[in-house]
Amino acid sequence: MMQLNSDFTKRAVVHGENKAWTASPMNGVDRLMLDRVGDEVARATSLVRFAPGSHFSPHEHDGGEEFLVLEGVFQDEHGDYPIGTYVRNPPGTDHKPGAEQGCTILVKLWQFDPEDRNQFSISPDDRNFAPVDGRPGVEAAPLHRDERETVRLERWPAGQNVRHSPEGGLELFVIDGGFEEKGEPFSRWSWLRLPEGAELEASSGPEGCLLWVKEGHLAGDPVSVFRPEACS
């Protein structure tokens, strides 16, 4: 079983723009893995890049799938999802994904509550940013919230010091701009995972930044949602 950044008690970092992509089993679809527990069926966080005209075979999401469109237009039989769209496909859903013009997505697999059946998408036109209480200068647009996690977009203005005490761990992915954390610069398509109990102390760069944020999902044993026996 493949394990990449699989110790969820430790800080993990991947700078996507500096990493090599690897081919998936489907022609024209490449991946950049951020974390992974499992082989082709896996609890995984990845960037997935579709070449123009490429697609995956029809498949069912036994463990659920959520993704954010970073470039281009993602497509399946349910519709077209342009850049900035957030999609949740819970366990039991199926589709045939592809991209006529090409696209790149940030995707998380096998990280749903097995009982979650709430399928939805949020387009860029549907999201609303509002100031975050207790965090001066920070604005957030909610994408998803349940008992175990919250998912949102955050905007940090230029040169802003940002402190946050997340409940149940935190993931940040840089969509645009950049920030610095523990003296390490994070730029476009950089990913940071902080374990349960860790504090975020960061400062945004001269252009500010736009981030995808997930919080709360690393409490306890986050791999318990993923069932290795499903890979056998």
Side-chain angles (χ1 to χ4, degrees), residues 3-14 34-37 43-46 63-68 86-91 106-120 122 126-157 160-175 177-184 186 190-204 208-227:
Q3 297 198 39
L4 173 66
N5 290 323
S6 58
D7 186 345
F8 293 90
T9 67
K10 295 182 178 179
R11 176 180 181 269
V13 172
V14 176
L34 304 178
D35 67 27
R36 196 172 189 90
V37 180
R43 182 204 190 281
T45 305
S46 310
E65 167 195 73
E66 68 173 308
F67 64 87
L68 178 70
Y86 174 73
V87 178
R88 288 182 70 89
N89 291 322
L106 169 68
V107 60
K108 298 180 77 70
L109 300 173
W110 274 95
Q111 298 177 49
F112 270 64
D113 182 323
E115 301 304 316
D116 187 346
R117 293 296 183 268
N118 186 20
Q119 184 177 24
F120 67 89
I122 297 177
D126 294 332
R127 63 195 192 202
N128 297 300
F129 284 88
V132 177
D133 291 341
R135 300 169 65 196
V138 176
E139 295 182 328
L143 298 175
H144 170 71
R145 184 182 186 93
D146 60 27
E147 293 181 354
R148 62 183 293 268
E149 67 181 18
T150 61
V151 185
R152 59 189 181 271
L153 299 179
E154 289 193 4
R155 291 193 301 217
W156 300 357
Q160 180 72 41
N161 292 324
V162 177
R163 293 192 175 191
H164 181 49
S165 300
E167 297 182 6
L170 186 73
E171 280 185 65
L172 303 175
F173 180 83
V174 183
I175 300 169
F179 68 89
E180 185 174 289
E181 189 261 352
K182 294 187 181 301
E184 183 172 4
F186 289 77
S190 288
W191 171 79
L192 169 66
R193 191 185 71 211
L194 295 178
E196 184 177 17
E199 300 284 322
L200 174 68
E201 294 186 16
S203 58
S204 55
C209 57
L210 174 64
L211 308 171
W212 172 92
V213 181
K214 181 187 276 281
E215 180 177 349
H217 60 303
L218 302 176
D221 179 10
V223 186
S224 63
V225 175
F226 170 64
R227 297 168 295 162

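The chain is numbered in sequence order, starting from 1.
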Item to complete: Evaluate whether atom CD of Gln3 has more than 12 neighbouring non-hydrogen atoms of other residues, nucleotides or ligands under 6.0 angstrom away.
Response: yes
Worksheet item: Less than 4.0 Å between a side-chain N and a carboxylate O, is that true for Arg193 and Asp35?
Response: yes
Discussion item. Do Thr45 and Leu106 make a side-chain contact, defined as non-hydrogen atoms from C-beta onward lying under 4.5 Å apart?
Written reply: yes
Worksheet item: Minimum heavy-atom separation for Ala198 to Pro166, with atom names?
Response: O-CD, 3.4 Å
Response to the item:
Partner of His217 under side-chain hydrogen bond (donor to acceptor under 3.5 Å, both in side chains), picked from Arg148, Glu196, Glu171, is Glu171
Discussion item. Does atom CZ (Arg11) have a neighbourhood of more than 12 heavy atoms from anything else shown, all under 6.0 Å?
Written reply: yes
Fill in: Heavy-atom closest pair, residues Gly208 and Ser204
CA-CB, 4.2 Å
Worksheet, complete the sentence: Value for CG (Leu194) from CG (Leu218), rounded to nearest 0.5 Å, stands at 9.0 Å
Practice prompt. Apply side-chain contact (heavy atoms from CB on, under 4.5 Å) to Leu170 and Val213, showing your working.
Written response: CA-CA 7 Å; Leu170 186 73; Val213 181; 3.6 Å; yes
Discussion item. Just verifying a value: how many Å separate Leu211 CG and Arg155 CZ, rounded to the nearest 0.5 Å?
Written reply: 11.5 Å
Discussion item. Working to the nearest 0.5 angstrom, can you tell me the gap between Phe179 CZ and Leu172 CG?
Written reply: 5.0 Å
Worksheet item: From Trp156 CH2 over to Arg135 CZ, what is the distance, rounded to the nearest 0.5 angstrom?
Response: 7.0 Å
Worksheet item: Counting distance only, does the side-chain N/O of Glu139 pair as donor-acceptor with the main-chain N or O of Pro157 below 3.5 Å?
Response: no
Worksheet item: Quick one: does Asp113's side chain get under 4.5 Å of Asp146's, heavy atoms only?
Response: no
Response to the item:
Note: Pro91 and Gly63 closest approach over all heavy atoms is CG-C, 4.0 Å
Discussion item. Within the 4.5 Å heavy-atom criterion, are Asn5 and Trp191 side-chain neighbours or not?
Written reply: yes
Practice prompt. Decide if atom CZ of Arg163 counts as having more than 12 heavy atoms of other residues, nucleotides or ligands within a radius under 6.0 Å.
Written response: no
Worksheet item: Does the side-chain contact (heavy atoms from CB on, under 4.5 Å) test come out yes or no for Phe67 and Asn89, once each step is laid out?
Response: CA-CA 9 Å; Phe67 64 87; Asn89 291 322; 3.9 Å; yes
Worksheet item: Do you know which two heavy atoms are closest between Ser6 and Val37, and how far apart they sit?
Response: CB-CG2, 3.8 Å
Item to complete: Give a yes or no on whether a salt bridge exists between Glu66 and Lys108, defined as a side-chain N under 4.0 angstrom from a carboxylate O.
Response: no
Practice prompt. Kindly write out the residues that satisfy salt bridge (Lys or Arg N to Asp or Glu O under 4.0 Å) with Asp126, not counting sequence neighbours, or none if the list is empty.
Written response: none
Discussion item. Does Asp7, at its CG atom, have more than 12 non-hydrogen atoms belonging to other residues, nucleotides or ligands within less than 6.0 Å?
Written reply: yes
Discussion item. What's the separation between atom CG in Leu143 and atom CZ in Arg145, rounded to the nearest 0.5 Å?
Written reply: 12.5 Å
Worksheet item: Under 4.0 Å between a Lys/Arg side-chain N and an Asp/Glu carboxylate O for Arg88 and Glu149?
Response: yes
Discussion item. For a side-chain contact (heavy atoms from CB on, under 4.5 Å) check, start with the C-alpha distance between Tyr86 and Arg127, then their side-chain angles and the critical distance, and finish with the verdict.
Written reply: CA-CA 10 Å; Tyr86 174 73; Arg127 63 195 192 202; over 6 Å; no
Worksheet item: Is the side chain of Gln111 donor-acceptor paired with the backbone N or O of Ala44 at a distance under 3.5 Å, no angle test?
Response: yes
Worksheet item: Which atom pair, heavy atoms only, marks the closest approach of Gly177 to Val174?
Response: O-CG1, 3.4 Å
Practice prompt. Could you grab the distance from atom OG1 of Thr9 to atom CG of Asp221, nearest 0.5 Å is fine?
Written response: 11.0 Å
Worksheet item: Could you go step by step and tell me if Trp212 and Leu153 meet the side-chain contact (heavy atoms from CB on, under 4.5 Å) rule?
Response: CA-CA 5 Å; Trp212 172 92; Leu153 299 179; 4.2 Å; yes
Worksheet item: Any side-chain donor-acceptor pair under 3.5 Å between His164 and Glu215?
Response: yes
Worksheet item: Got a donor-acceptor contact below 3.5 angstrom from the Glu65 side chain to the Val107 backbone?
Response: no
Fill in: Arg43 to Pro222 - nearest heavy-atom pair and separation
NE-O, 3.5 Å
